[in-house]
Q: 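Mind looking over this structure? Questions follow.
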Amino acid sequence: MVIQKSPGEIELMAHSGAILAEVHEALEQAVRPGVTTADLDELAAAEIAARGAKPSFLGYRGYPATLCASVGPQIVHAVPSRRVRLREGDVVSLDCGVVYEGYHSDSACTYVVGGSDHADERTARLVEATYEALWAGIAALRPGQRLGDVSYAIESVARRYGCGVVAEHDGYYVGGHGIGRQMHEDPMVLGRGRPGRGMRLRPGLVFAIEPMFCLGNPAFRLDADGWTLSTVDGSVAAHWEHTVAVTEHGPRVLTARTGEQVNRLAG
Ligand code: MF3
Ligand code: CO
């Protein structure tokens, strides 16, 4: 069931998203060689608590942490660990969710540890392509457009850069989603689709848009820990995510970092 949000609900989600944006800003400062993903998890938990909110992921279907920290060929949902110490040049996706006054926000960023100078050219471009696809998907979130237009916008960026789009493998799907009182609501938003197909977008719908690209084959598998999704071929993956409301004027990015939306979208 697709749940439409009232203007008041969207303001609460914007508050949730603003908290999450600050959490990501703190995380970005902390990503450096030598830090463990468990350190980052503790930081995220503290930053969320300090703002009077709660983590969305902790306890979700038994998930044991605040953050997902996926390194290298790990695509999403890797559980932070004391044993995972980041090294210069690692590609790490940090995915976090916040619930505030009962409303969720969900967003993810991918970093090259030590800065993109420490990645080879293809890897740096993968991270950029995935970020560009995030914004291409967001730009398609306008009343009158259809869900397939959003998926197609994401897929088109992957094509242009020659990246693999992680979306479906062996009948298992991963992608974006509706979000609100639940972290995961209908509908699913895949990273590939057909323009002009799917449900029509209207003001009051809120989506988490989350392209996942990789350098090689986009086939994925669930690791033995029961959480982590990794590429089958071991190729590096990147993942970016924002929570976005459809308004009559176009997309409103509820998890945007300071200045980010203004810089990426005209208007
Ligand atoms: N952002 C993630 C997603 O939408 C949420 C993590 S789910 C959890 O898939 F189980 F890891 F918490
Ligand atoms: Co999500």
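Counting starts at 1 for both ligands and their atoms, in listed order. Start at 1 with the first residue, then count along the sequence. These numbers were taken from a predicted model, which means no experiment stands behind them.
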Q: Charged N to carboxylate O below 4.0 Å: is that the case for Lys5 and Glu185?
A: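 The answer is yes: the pair qualifies as a salt bridge.
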
Q: In the single-linkage hydrophobic clustering (I, L, V, M, F, W, Y; side-chain heavy atoms under 4.5 Å), do Leu215 and Tyr131 co-cluster?
A: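 Both belong to a single hydrophobic cluster.
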
Q: Would His239 and Glu210 count as having a side-chain donor-acceptor pair, cut-off 3.5 Å?
A: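 There is such a pair between these side chains.
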
Q: Less than 3.5 Å apart, any donor N or O on the side chain of Asp233 or Ser235 sitting next to an acceptor on the other?
A: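 The criterion, which ignores hydrogens and geometry beyond distance, is satisfied for Ser235 and Asp233.
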
Q: Under the 4.5 Å side-chain heavy-atom rule for ILVMFWY, direct or indirect, which residues accompany Met188?
A: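 Reading the cluster by chain and number, Met188 sits alongside Tyr173, Leu190.
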
Q: Assess, by modelled atom type and distance only, whether the side chains of Glu260 and His242 contain a donor and an acceptor separated by less than 3.5 Å.
A: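 Note: Glu260 and His242 side chains meet the donor-acceptor criterion.
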
Q: Using a cut-off of 2.8 Å, find all protein N, O or S atoms closer to the Co ion (ligand 2) than that distance.
A: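 N, O, S partners closer than 2.8 Å: Asp106 OD2, His177 NE2, Glu210 OE2, Glu241 OE2.
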
Q: Centroid separation under 6.0 Å, is that true for the rings of His77 and Tyr63?
A: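 Not under 6.0 Å, so no.
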
Q: Could you pull out all residues at least two apart from Ser156 that satisfy side chain to side chain contact (heavy atoms under 4.5 Å, CB included)?
A: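 Counting only residues at least two positions away or on another chain, Ser156 forms a side chain to side chain contact (heavy atoms under 4.5 Å, CB included) with Tyr152.
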
Q: Should we count CZ of Arg82 as having more than 12 external heavy atoms under 6.0 Å?
A: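 Above 12, so yes.
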
Q: List below, pair by pair, the N or O atoms of ligand 1 and of the protein that are less than 3.5 Å apart, including the distance to 0.1 Å; reply 'none' if no pair qualifies.
A:
unit_1, atom_1, unit_2, atom_2, d
ligand 1, 1 (N), Asp95, OD1, 3.2
ligand 1, 1 (N), Asp95, OD2, 2.7
ligand 1, 1 (N), Asp106, OD1, 2.9
ligand 1, 1 (N), Asp106, OD2, 3.0
ligand 1, 1 (N), Glu241, OE1, 3.3
ligand 1, 4 (O), Asp106, OD2, 3.3
ligand 1, 4 (O), His177, NE2, 2.9
ligand 1, 4 (O), His184, NE2, 2.9
ligand 1, 4 (O), Glu210, OE2, 2.9
ligand 1, 9 (O), His77, NE2, 2.8
ligand 1, 9 (O), His184, NE2, 3.4

